[in-house]
Amino acid sequence: MHYTGLVNRYRSRLPFGPEVKAVTLNEGNTPLIELVNIPRQAGFEGRILVKFEGLNPTGSFKDRGMTAAVTQAVHEGSKAIICASTGNTSAAAAAYAARAGITAFVLIPDGKIALGKLAQAVVHGAVVVQIQGNFDDGMRLVKEVAQTAPVAIVNSINPYRLQGQKTAAFEIIEALGGQAPDYHCLPVGNAGNISAYWMGYKEANGQKSTATMFGYSLEAFADGKLPKMAGYQAAGAAPFLRGGRVANPETVATAIRIGDPQSWDHAWAAQKESGGWFDECTDPEILATQRLLAETEGVWCEPASAASLCGALRDIKSGKIAQGSTVVCTLTGNGLKDPDIVIQGGLKDLIQVAAERSAVERAILAKLR
Ligand SMILES: *Cc1c(COP(=O)(O)O)cnc(C)c1O
């Protein structure tokens, strides 16, 4: 059957009746790719699989939440949506608003936004408002403005966002033959995604989730096992590690450059109930992992996404993640969104030679050894 997006695929497990028309770009249904080289090099006898969310229509997992949020907004008659964004939420909001024929207002921080993401908001015709502040300032302003202006907030404080995002857990369970992994690792910024996955895993196992406020089906289709949830933050933007809000978050992983996570309680519960943990990765570690994944497995994710694998590999090495287990890492966004970061670090590898056969041959032979 033709796949028409996650609202239609999982409608009975989402707060949408049959009468609600999905606003969709056929998001979801992303591949769960088993890593072959990295586990071997790490001496890991278990399995590491990456859920490559960078293959969603606008290149990040935000499309899962956005199809649900915009579907509901349009169903309620909204003519405009608004969000604060480090880049990917605005890209998704812009595209789904275009699809629905409504207006998207996006508040982005000044600077520190990947060029590809900004271009996406522009090309899809969003109204881009650049504020002299960071994401946390933008989030505060969006909440204030939406109190009076006729605009629907589509940040992850909108409960429909997490509803859409939880479907990634359903897909993973299906791909693993009706079973959750032993560990699920992901980057944490605003903390909506880790909350959504935990909700998805619980519901797939027939358990009521703390975030459940709608009366849809909780019929189990998994075998009862729940994963340990591990959330990794960038060291310069790690409120969960510091035990509270971080005033001036800084990291190259701009998608998780957030100091005041909106889903704090749900994310904390996910980590605690599952027997998981939070940890942090430095910028150099994050960039090295992004490069490792691209060079040894052929998968290019954006810096923030690499935090999941970065943390997982460290915890495998220390034994915190047990040998022989199945580990899933969410790769939240596509590396193509932020080529600058790679070019900055990688141009030194460029070989320049004369336009002559002998020069090119010499260059090639030197590399073949
Ligand atoms: C939004 C985003 C995150 C962080 O997800 P949260 O739900 O805010 O924790 C991580 N990586 C990428 C690429 C993102 O776009």
Side-chain angles (χ1 to χ4, degrees), residues 27 30 50-66 69 83-93 95 106 108-109 112-114 116-118 120-121 135-136 138-139 154-159 161-166 168-169 184-200 211 229-234 237-240 249 251-268 270-271 278 280-281 286 289-290 299-311 329-338 341:
E27 60 295 309
T30 55
V50 291
K51 181 69 169 161
F52 194 17
E53 291 288 279
L55 295 181
N56 275 297
T58 78
S60 89
F61 78 84
K62 298 299 199 300
D63 294 343
R64 288 185 190 272
M66 205 54 71
C83 66
S85 178
T86 58
N88 282 331
T89 300
S90 55
V106 305
I108 58 165
K112 309 278 170 61
I113 171 167
K117 301 177 187 178
L118 184 56
Q120 287 182 288
F135 171 84
D136 300 304
M139 194 63 245
V154 293
N155 279 105
S156 53
I157 56 170
N158 175 332
R161 278 278 307 275
L162 300 199
Q163 290 293 316
Q165 286 170 212
K166 75 181 181 186
H184 191 118
C185 304
L186 64 177
V188 172
N190 217 12
N193 214 24
I194 190 170
S195 308
Y197 272 95
W198 184 236
M199 180 165 35
M229 305 296 295
Y232 301 100
Q233 302 212 276
F240 284 105
T251 168
V252 283
T254 51
I256 51 173
R257 187 170 161 262
I258 294 173
D260 189 11
Q262 299 294 306
S263 295
W264 183 288
D265 293 345
H266 289 319
W268 192 262
Q271 166 259 155
F278 289 115
E280 60 191 296
C281 303
I286 286 171
T289 307
Q290 181 195 30
V299 177
W300 186 17
C301 65
E302 64 175 283
S305 313
S308 61
L309 182 63
C310 181
C329 296
T330 298
L331 300 180
T332 44
N334 197 307
L336 283 167
K337 284 171 173 275
D338 193 4
I341 204 88

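The structure presented is a predicted model; accordingly, all values stated were derived computationally and were not measured. As the structure lists them, so they are numbered: ligands from 1, and atoms in each ligand from 1. Numbers here simply count residues along the sequence, with the first being 1.
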Could you check whether any side-chain N or O of Ser308 sits under 3.5 Å from a backbone N or O of Thr330, counting only pairs where one atom can act as donor and the other as acceptor? yes

Heavy-atom check, side chain of Trp300 versus side chain of Gln290, under 4.5 Å: yes

Does ligand 1 have any N/O atom under 3.5 Å from a protein N/O, and what are those pairs and their distances?
| unit_1 | atom_1 | unit_2 | atom_2 | d |
| --- | --- | --- | --- | --- |
| ligand 1 | 7 (O) | Gly192 | N | 3.2 |
| ligand 1 | 7 (O) | Asn193 | N | 2.8 |
| ligand 1 | 8 (O) | Asn190 | N | 2.8 |
| ligand 1 | 9 (O) | Gly189 | N | 2.8 |
| ligand 1 | 9 (O) | Asn190 | N | 3.3 |
| ligand 1 | 9 (O) | Ala191 | N | 2.8 |
| ligand 1 | 11 (N) | Thr332 | OG1 | 2.7 |
| ligand 1 | 15 (O) | Lys62 | NZ | 2.7 |
| ligand 1 | 15 (O) | Asn88 | ND2 | 2.7 |

Could you tell me whether the side chains of Thr30 and Arg64 share a donor-acceptor contact shorter than 3.5 Å? yes

Using the six-membered ring wherever Trp is involved, compare the ring planes of Trp268 and Phe240 and label them parallel, tilted or perpendicular (cut-offs 30° and 60°). parallel

Under 3.5 Å side-chain donor-acceptor pair for Lys117 and Ser90: no

Does Lys337 reach the side chain of Gln120, with side-chain heavy atoms less than 4.5 Å apart? yes

